[in-house]
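As the structure is a computational prediction, the values presented were derived from the model and not from experiment. FYI, the numbering just counts along the sequence from 1.
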Amino acid sequence: MKRELLRKLPRVDYLLKHKELEEYGKEIDYYTFSKSIQKGISFFRESILNDSILSFEENDVILKIKEILKKNSLYNLRKVINGTGTIIHTNLGRSLLPKNIERHFLDITTSYNNLEYDIESGKRGSRNSHLEKLICEITGAEGAIIVNNNAAGVVLCLNEFAKEKEVVVSRGELVEIGGSFRIPEIMKFAGVNLVEVGTTNKTYIEDYEKSITENTAILMKVHTSNYRIQGFTHEAKREEINELAKRKNLISIEDLGSGILVDLSKYGIRKETTVQEVLKSGIDLVTFSGDKLLGGCQAGIIVGKKDLIERLKKNQYLRTVRVDKITISILEVIFRMYLDEREAVKNIPTLKYITEEISFVKNRAEKISLLLNENKILNRVIETKVDVGGGSLPEEKLKSFGIEFLINLSPNEIEKRLRNLDVPIIGRIEKNKFIIDMKTIEDEDIEFVAQIIISEFKENL
Ligand SMILES: *Cc1c(COP(=O)(O)O)cnc(C)c1O
């Protein structure tokens with residue numbers, strides 16, 4: 001019986017030419033195509049041997065292979081729909097780039113370019129030169145340097161200016177950011193000695209001053225990105241830290257984390273000190289991320305005093321955390337948008353989502369709600385609150401709208417099925433209802449999102 005079934009299994013070379021599979025063969029590479037066929041046959045062979053399949057038709061094998069082919073043809077890193085509402089979602093790739101970046105991006109990546117070539121002199125150039133002036137113009141800094149990410153920026157500064165020396169940080173600022181960035185451990189890694197001063201809730205400038213020894217090199221401030229100390233609190237002002245650093249011949253550095261270039265309070269969001277303001281206060285060096293509130297790609301940006309930036313450019317560690325042409329080309333587009341703040345707020349998705357009028361989000365929610373209801377995917381529009389995310393603006397919840405599913409399936413079931421689509425939809429479960437938040441879903445994606453939800457649920461509600 002088993003032997004008969006095994007003999008009935010189609011052969012690989014037969015299936016490779018099978019009409020039903022032909023179109024897949026054209027779409028993916030031969031290796032993946034034949035591997036998938038083999039895998040499908042193996043599945044049936046094993047199932048026959050362990051008695052979980054007692055009969056089958058050729059078409060069953062074809063269907064199984066199609067399923068495997070579909071899975072194998074998907075990229076591991078691929079597009080997902082962010083229905084969580086969290087704007088800078090680290091697990092979902094942080095900030096989105098403006099769509100109109102595409103042409104310049106293709107130009108730079110599919111052609112040669114002047115990454116380290118000075119076109120005017122015909123000699124070797126520096127990759128940092130494409131961005132430095134632009135960033136200085138926007139932030140008011142004397143110098144700027146770009147590295148792989150903000151964590152690398154912090155390590156570079158510590159290593160250059162405080163190796164085997166002391167760095168003073170307030171106990172209220174010993175942060176841990178997601179993905180194992182912890183200030184005490186970063187200090188150890190950079191080869192510097194952390195000196196904690198003050199208490200969790202109160203640190204005065206006198207605490208910094210008392211801790212200074214002949215071994216002190218840096219007074220450092222760290223943005224408490226993902227928490228806020230409230231109540232009976234005090235922190236030393238930047239101006240005080242800067243004055244003390246100057247008087248004692250030390251360097252002052254601030255790890256600003258997210259780093260915002262636009263005063264968001266103009267748009268009704270709680271005031272966050274901008275990079276420009278931190279520099280104006282006299283802090284020597286400021287580091288921030290490229291893909292948080294800036295709205296660009298992964299990068300670390302260090303801005304500040306000219307002589308200090310020049311020293312960083314000669315540090316050996318820089319070679320290991322330098323950025324490539326892709327990062328530089330993206331950041332040039334992004335920073336250019338900041339030359340006109342209105343342009344930045346309109347075109348950079350992260351800023352657009354944070355500042356847009358709530359009626360736009362409501363419209364998007366109503367639009368998708370209608371499309372789904374028309375197709376019997378019952379739902380209703382609800383008011384929601386979302387996080388900016390990415391360790392930016394902690395405690396600041398933004399108003400938003402979403403849709404709540406009212407179909408006859410458990411929220412966990414809905415969540416799982418939408419997460420397993422070819423283009424996964426990641427939502428959230430709240431009060432035992434599955435919700436897709438519309439804060440982070442573009443107008444032009446709505447029909448597509450509705451379509452994939454409808455085709456997933458239409459037969460199987
Ligand atoms: C996010 C963050 C970092 C790490 O930045 P990456 O660009 O992710 O390396 C460091 N410090 C602070 C305060 C942050 O908020």
Note to self: Going by side chain to side chain donor-acceptor pair (under 3.5 Å), name the pairs with one or both residues in residues 36-49, residues two or more places apart or in two chains.
What the structure shows: Ser36-Asn72

[atom1]/[X]: more than 12 non-hydrogen atoms of other groups inside 6.0 Å:
| X | atom1 | answer |
| --- | --- | --- |
| Glu57 | CD | no |
| Lys70 | NZ | no |
| Glu415 | CD | yes |
| Glu58 | CD | yes |
| Lys2 | NZ | yes |
| Leu74 | CG | yes |
| Lys66 | NZ | yes |

By ring pair (Phe, Tyr, Trp, His ring centres under 6.0 Å), which residues pair with [X], not counting sequence neighbours?
| X | result |
| --- | --- |
| Phe288 | none |
| Phe401 | none |
| Tyr14 | His18 |
| Phe56 | Phe44 |

Note to self: side chain to side chain contact (heavy atoms under 4.5 Å, CB included) for Leu279 and Val286? Distances and angles first, verdict last.
What the structure shows: CA-CA 7 Å; Leu279 286 169; Val286 182; 3.8 Å; yes

Rounded to the nearest 0.5 Å, what separation is found between the [atom1] atom of [X] and the [atom2] atom of [Y]?
| X | Y | atom1 | atom2 | result |
| --- | --- | --- | --- | --- |
| Glu20 | Leu15 | CD | CG | 11.0 Å |
| Phe181 | Glu185 | CZ | CD | 11.0 Å |
| Thr32 | Tyr24 | OG1 | OH | 14.0 Å |

With no hydrogens and no angle check, do the side chains of [X] and [Y] hold a donor and an acceptor under 3.5 Å apart?
| X | Y | answer |
| --- | --- | --- |
| Asn128 | Ser126 | no |
| Ser369 | Asn379 | yes |
| Glu116 | His130 | no |
| Asn315 | Glu160 | yes |
| Glu132 | Ser129 | no |
| Asp387 | Thr86 | no |

Check: [X] side chain, [Y] main-chain N or O, donor-acceptor pair, under 3.5 Å:
| X | Y | value |
| --- | --- | --- |
| Asp255 | Asn150 | no |
| Ser95 | Asp291 | yes |
| Asp284 | Ser252 | yes |
| Lys352 | Asn347 | no |
| Ser258 | Leu293 | yes |
| Asn375 | Ile377 | no |
| Thr274 | Glu277 | yes |
| Gln276 | Leu261 | yes |
| Tyr317 | Ala190 | no |
| Lys439 | Tyr353 | yes |

Can you sort out the partners of [X] under salt bridge (Lys or Arg N to Asp or Glu O under 4.0 Å), two or more places apart, ordered by chain and number?
| X | result |
| --- | --- |
| Glu343 | none |
| Lys99 | Glu444 |
| Glu137 | none |

[X] versus [Y], closest heavy-atom pair with distance:
| X | Y | value |
| --- | --- | --- |
| Val386 | Thr84 | CG1-O, 4.3 Å |
| Ile334 | Pro98 | CD1-CD, 3.6 Å |
| Ile135 | Ala144 | CG2-CB, 3.8 Å |
| Val222 | Glu173 | N-OE1, 2.9 Å |
| Ser329 | Ile326 | OG-O, 2.9 Å |
| Leu5 | Ile53 | CD1-O, 4.1 Å |

Next item on the list: Start with the C-alpha distance between Leu285 and Ile309, add both sets of side-chain angles, then the distance that settles side chain to side chain contact (heavy atoms under 4.5 Å, CB included), and finish with yes or no.
Entry: CA-CA 8 Å; Leu285 290 172; Ile309 295 287; 3.8 Å; yes

Using a strict cut-off of less than 4.0 Å between a Lys/Arg side-chain nitrogen and an Asp/Glu carboxylate oxygen, indicate whether [X] and [Y] qualify as a salt bridge.
| X | Y | result |
| --- | --- | --- |
| Asp422 | Arg78 | no |
| Lys221 | Glu254 | no |
| Glu442 | Arg364 | no |
| Lys266 | Glu341 | yes |
| Asp340 | Arg342 | yes |
| Asp324 | Arg127 | no |
| Glu67 | Lys71 | no |
| Glu396 | Arg228 | no |

Margin query: Among Asn373, Val381, Ile435, exactly one meets side chain to side chain contact (heavy atoms under 4.5 Å, CB included) together with Ile403. Which residue is that?
Written below: Val381

Margin query: I want to check something: taking the side chain as every heavy atom from C-beta on, are Thr440 and Met438 in contact at a cut-off of under 4.5 Å?
Written below: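 A side-chain contact under 4.5 Å is absent here.
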
Using the side-chain contact (heavy atoms from CB on, under 4.5 Å) criterion, which residues pair with [X]? Sequence neighbours excluded.
| X | result |
| --- | --- |
| Glu357 | Ser359, Phe360 |
| Glu413 | Leu409, Ser410, Arg417 |
| Thr233 | Asn201, Ile229 |

Please output the side-chain donor-acceptor pairs of residues 102-111 that fall under 3.5 Å, not counting sequence neighbours, one pair per line with the distance.
residue : atom : partner : partner atom : Å
Thr109  : OG1  : Phe105  : O            : 2.7
Thr110  : OG1  : Leu106  : O            : 2.6
Ser111  : OG   : Asp107  : O            : 3.1

